[in-house]
Every structure is written in C-alpha cells, then in structure tokens.
Amino acid sequence: MARHHHIARIHKKKPKEPFDFLVYFFTVATPLFEIPQAVAIYTAKSAENVPLLTWVFFLFADVVWLVYAIRNKLVPLALTYLLYLIVEIAIVGGILVYS
C-alpha cells in the first residue's frame, strides 16, 4: 500500500504594495466622512431633511457587506463596514430621536 505524505502548504505573505496602504487609508477614512452628519444631527437636535429610509438601507447594506467580508476573511473590507455600521447606527438613532 502506498503511503502518501501530506506536505503542508506554506503561504508566504505577499509584501505590501503602495496600493495596499492606499486601501488601508480609505478603510478608515471613508466611514469617518459620515461623522459630520451624525454631529450635525446631535448638535442641532434636529434630523430635518435627513431621510430615515436612506440611512436604514445603508445599515442593512453594511450588515450584508460585513458578513461577506468576514466569511471571505477580507479584513480591510470588514473593518470598513464595521466602522460604517457604528457611524450609521448613530445617525439612525439621531434621526429616530430628533425627527
């Protein structure tokens, strides 16, 4: 009977390229651009002209993208949508409180 030896695959990490760092920057920076909307709602104590349906849709989209990123082990994408989720929960909360 032949014996088969299993050879462990060694995955070498690919060196980071400049584009990778650009992606990492936008991973964090892009969700932060929604913070002014949350700040505006909470400082004015008003959500006038801020559409609830739009922001609730964004929340659901965030959950879908977050699950996708986690299932596929896409860490930058997961971090992006986790940050979006946090900010957008604050926005939706503000809309519900101040509408």
Taking only residues two or more places apart in sequence, or in another chain, which ones meet Y24 in a side-chain hydrogen bond (donor to acceptor under 3.5 Å, both in side chains)? K16
What ring pair (Phe, Tyr, Trp, His ring centres under 6.0 Å) pairs are there with at least one residue in residues 31-53, not counting sequence neighbours? Y42-Y98
Let me have the donor-acceptor pairs involving side chains of residues 44-61, under 3.5 Å, with sequence neighbours excluded, atom names and distances please.
{"from": "S46", "atom 1": "OG", "to": "E48", "atom 2": "N", "distance (Å)": "3.2"}

Distance in Å, E34 CD paired with L32 CG, rounded so as to fall on 0.5 Å steps: 9.5 Å
Mind checking ring-ring contact (aromatic ring centres under 6.0 Å, His included) for F26 and listing every partner two or more places apart, or none if nothing turns up? none
Atom pairs and distances, side-chain donor-acceptor, residues 73-97, under 3.5 Å, sequence neighbours left out:
{"from": "T80", "atom 1": "OG1", "to": "T27", "atom 2": "O", "distance (Å)": "3.4"}
{"from": "T80", "atom 1": "OG1", "to": "P76", "atom 2": "O", "distance (Å)": "2.9"}

